[in-house]
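Working notes, beginning with the structure itself.
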Number of protein chains: 4
Amino acid sequence: MRTTKIGKKAGRPRSAEKDEAILAAALELLATQGYVRMTLDQVASAAGVSKSTIHLRFKTKADLLTAALAAARMVDAPPPSGDVRTDLVAVLEDFAATVERVNGMALIGTCLAEEDHTPDLLALLRERTVLPRRALLREVLEQAREAGQVRPDADLEPAVSALLGPFYADYMAGRGGRPEWAEQAVDLVLAALAPQASDRGGRPRS
Amino acid sequence: MRTTKIGKKAGRPRSAEKDEAILAAALELLATQGYVRMTLDQVASAAGVSKSTIHLRFKTKADLLTAALAAARMVDAPPPSGDVRTDLVAVLEDFAATVERVNGMALIGTCLAEEDHTPDLLALLRERTVLPRRALLREVLEQAREAGQVRPDADLEPAVSALLGPFYADYMAGRGGRPEWAEQAVDLVLAALAPQASDRGGRPRS
Amino acid sequence: MRTTKIGKKAGRPRSAEKDEAILAAALELLATQGYVRMTLDQVASAAGVSKSTIHLRFKTKADLLTAALAAARMVDAPPPSGDVRTDLVAVLEDFAATVERVNGMALIGTCLAEEDHTPDLLALLRERTVLPRRALLREVLEQAREAGQVRPDADLEPAVSALLGPFYADYMAGRGGRPEWAEQAVDLVLAALAPQASDRGGRPRS
Amino acid sequence: MRTTKIGKKAGRPRSAEKDEAILAAALELLATQGYVRMTLDQVASAAGVSKSTIHLRFKTKADLLTAALAAARMVDAPPPSGDVRTDLVAVLEDFAATVERVNGMALIGTCLAEEDHTPDLLALLRERTVLPRRALLREVLEQAREAGQVRPDADLEPAVSALLGPFYADYMAGRGGRPEWAEQAVDLVLAALAPQASDRGGRPRS
DNA sequence: CATGAATGAGTCTTCATTCAT
DNA sequence: AATGAATGAAGACTCATTCAT
């Protein structure tokens, strides 16, 4: 029978170290093996605990992995500079560095591949990493717009996608890992958003 | 003495319908289930053949899936228009339509997730779909450059990535499926590449 | 901190009954079915455990079977008599009885048949049953030699082979199961080894 | 519909070369792989025919293997000498040579192991190889008895088993392949059967 | 006749999950 | 709480055999 006395748990408290070890091992293995290929045995031995200890905390494999993804802190604090270009490049390079550090493309691939079966994975990834990073970029662009460095009528969301997008596109093309990509993307977007806009091809959208 | 009449193989010929059914089922299931989750039983019953019939053609699961991916024709012929913007948008929209049609993001996710275990998948995807599409886009841009609609010194590869990238970035952000994305991406890139370049932020790369 | 109380392993202990049941079932089936024909399903259901329980103890089918063979105690303690002939006959009859009890000829056949693929089987059979039994026989003969009942220069190894060999030869000839075989073999060997040796047909070997 | 015109078979006659190739390949593989492990595919490719061609001749795997064993001629004509010892040694050495040549111990093992499932195998082996060889040995011993080189009351069957048996016993003991075994066995048996038998340990059999 | 295709039954092994200590 | 045992449900791959050409 379960102890229901709340506020003061009876018995030995769950080890916080094991908590962390499990989540860290799970995230790492999720990236390197993918959802289905990763086994709880692998997680258990990587975390130095028994399989049952995992099940004690997470009822199911999917639970564990969503928790692992939720616990991941993958968007570092933005860099506090002043220049628009510098700031954008910094965010993008931090993005690339983070992805590389955690074998992120495989992780992203797993979340995409599992979208039908475990939609929480992609949702979490979005909420925890994608959207915060986009917010960072948009903020910089908004400040630039207020500073007159960006056209007042510029649509910022497509610009953000044009900043981040080349990373994915390059990876898919086998052009990943090129250090210049961030600067090139920023330059391209800033060129497109430059204020003196007179009458380029950019017709108003239908 | 062996039959020497060449060109007419002995025995029952292999059913071409089954060939097709197997590859089609495999591709479909690869996209909807992912590499590991998809089972040969599923493929067999989806294709209406026995499991052994699959093994007769493909020694291993990996073989089957690479063959299925290789057989997929996913880059349609380019649209024969004249206008730069129209052509670029057409390629991008065909891209998006194809991805949607074959549950492409899940497929891409699978290939990414499996990169460590079955690198052939991503390699094939690249060779068969990504690179051809990039070539299409680059060709259009080159013609535009010759026609004076694009700066002569423009670096085209980053531009291509800026055209395709937003598709991925949008999807990751949960903004996928918006019909305007292609036009927005094209307009942004064309704006950046416009010829009268006088003095934008684009400092020369280190 | 890990539990350091040694000698008392954590978790549920492995059932010794299941251990025994598995090994017994495996040995039995190895004899009745042969190596390849015997399936883990058969072992599992004969032992009243799940297949996974077997795999928990033995990583592979070969492991299981070598363990089963190794665990088999098939050479009973020698009979403590005094008379040479009686002792030899006793060892041989115990041999025959053991072989019959465990369907031994089929087991021996399996080990021989598998020699190329799983040499451990025959090696174990040799080490655990053949050689100990030979040692028993040789010991009796050595004592007989010391007691003057056997020629001093007699070569004992061939004599041992002549004692055991008829069992195999009879079986191959379809003459297995005859109860007199042991006494006949012993008599023949003792006759050949009798001491008054003057100069019979036994010419010295080249 | 099957052609039933007997005496004059219609259609192309079955290739005798293929017949032989199939049987030879089957026997070889039966020895090297064992009954269950050997596959019809292996036989087919070793014989250079298709699997169906095998089934055309032999309805089932067991049929093929019994036929292969039946076709094997493994007892060479007896050596035409005069001396008892020489003749016995010759038969035994031919026996050992044949066994070695056809990987015979594995073949014997297979027949023993399969005795419960395919008794025909051991029966054939017996009829075609064991019993003929025993007949050869007995014949030599009978002539020796008539020539007075062997006790008149000697029981010959046990003697034959004592001649052949050491081969099996040695093999089981890991002493196989020793060239002296045949002479040692013959010497031992002849010593036991020598005529001047007055009063050795060999008490009359019960 | 001869061949290659097609298949259904079966095998070892893996794994998420539940139990007992 | 933590651990190791136990298990049922798959899954990829094999093989003897039957079909179609």
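In this text the structure is predicted, and so the values were computed from the model without any measurement.
Not one N or O on the side chain of D/Thr118 forms a donor-acceptor pair closer than 3.5 Å with the backbone of D/Leu121. Side-chain atoms of A/Thr60 never come within 3.5 Å of backbone atoms of A/Asp63 as a donor-acceptor pair (strictly under, hydrogens ignored). Although no hydrogens or angles enter the test, the distance criterion places no donor-acceptor pair under 3.5 Å between the side chain of B/Lys18 and the main chain of B/Ala47. With D/Gln42 contributing its side chain and D/Thr39 its backbone, the two residues share a donor-acceptor pair below 3.5 Å.
Out of F/dT3, E/dT13, E/dT17, the shortest distance to the side chain of A/His55 is found at E/dT17. Distances were taken from every side-chain heavy atom of A/Lys61 (C-beta onward) to each of F/dC13, E/dT17, F/dA16; the shortest belongs to E/dT17. Candidate nucleotides F/dT3, F/dT18, F/dC13 were compared by shortest atom distance to the side chain of B/Leu40, and F/dC13 ranks first. In the set F/dT3, E/dA5, E/dA20, F/dT3 carries the atom at the smallest distance from any side-chain atom of C/Ala10. Among the nucleotides E/dT18, F/dT3, E/dT3, the one closest to any side-chain atom of D/Val49 is E/dT3. With F/dG4, E/dC12, F/dT18 as the candidates, the nucleotide lying closest to the side chain of C/Thr39 is E/dC12.
Between D/Ser52 and F/dT17 there is no side-chain polar atom (N or O) within less than 4.0 angstrom of OP1 or OP2. Taking only side-chain nitrogens and oxygens, C/Thr53 comes nearer than 4.0 Å to OP1 or OP2 of F/dT7. For D/Ser50 and E/dT3, the shortest distance from a side-chain N or O to OP1 or OP2 is below 4.0 Å. In this model, the phosphate group of F/dA2 is approached by a side-chain N or O of A/Arg57 to a distance below 4.0 Å at OP1 or OP2.
We find that CZ of B/Arg12 is positioned 5 Å from C1' of F/dA20, with the value rounded to whole Å. We find that CD1 of D/Ile54 is positioned 15 Å from C1' of E/dC1, with the value rounded to whole Å. Following rounding to the nearest Å, D/Asp41 (CG) and F/dT18 (C1') show an atom-to-atom distance of 14 Å.
Residue-environment remark: CD (D/Gln33) exceeds the threshold of 12 foreign heavy atoms within 6.0 Å.
Not a single donor-acceptor pair, N or O on each side, falls under 3.5 Å between the base of E/dT17 and the side chain of A/Lys59. With hydrogens and angles ignored, a donor-acceptor pair closer than 3.5 Å exists between the side chain of D/Lys51 and the base of F/dT17.
Nearest heavy-atom pair across D/Ala68 and D/Ala26 is CB-CB, 3.9 Å.
C/Phe58 pairs in a side chain to side chain contact (heavy atoms under 4.5 Å, CB included) with only one of the listed residues (C/Leu64, C/Thr53, C/Leu65), which is C/Leu64.
Non-hydrogen atoms lying under 4.0 Å from DNA chain F are contributed by B/Met38, all within residues 14-38 of chain B.
Side-chain atoms of A/Val36 and A/Glu114, non-hydrogen and from C-beta on, do get closer than 4.5 Å to each other.
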Problem - Watson-Crick and G-U pairing of DNA chain F, under 3.5 Å, as dot-bracket with | and [ ] - result: .||||||||||||||||||||
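Summarising the geometry, atom CG belonging to D/Leu40 is positioned 5.5 Å from atom NE2 belonging to D/His55; distances are rounded to the nearest 0.5 Å.
Each of B/Ala62 and A/Leu56 has a nearest nucleotide on DNA chain F; the 5'-most of these lies closest to A/Leu56.
Within the structure, salt bridge (Lys or Arg N to Asp or Glu O under 4.0 Å) contacts touching residues 43-53 of chain A (residues at least two apart or in different chains) are A/Asp41-A/Lys51.
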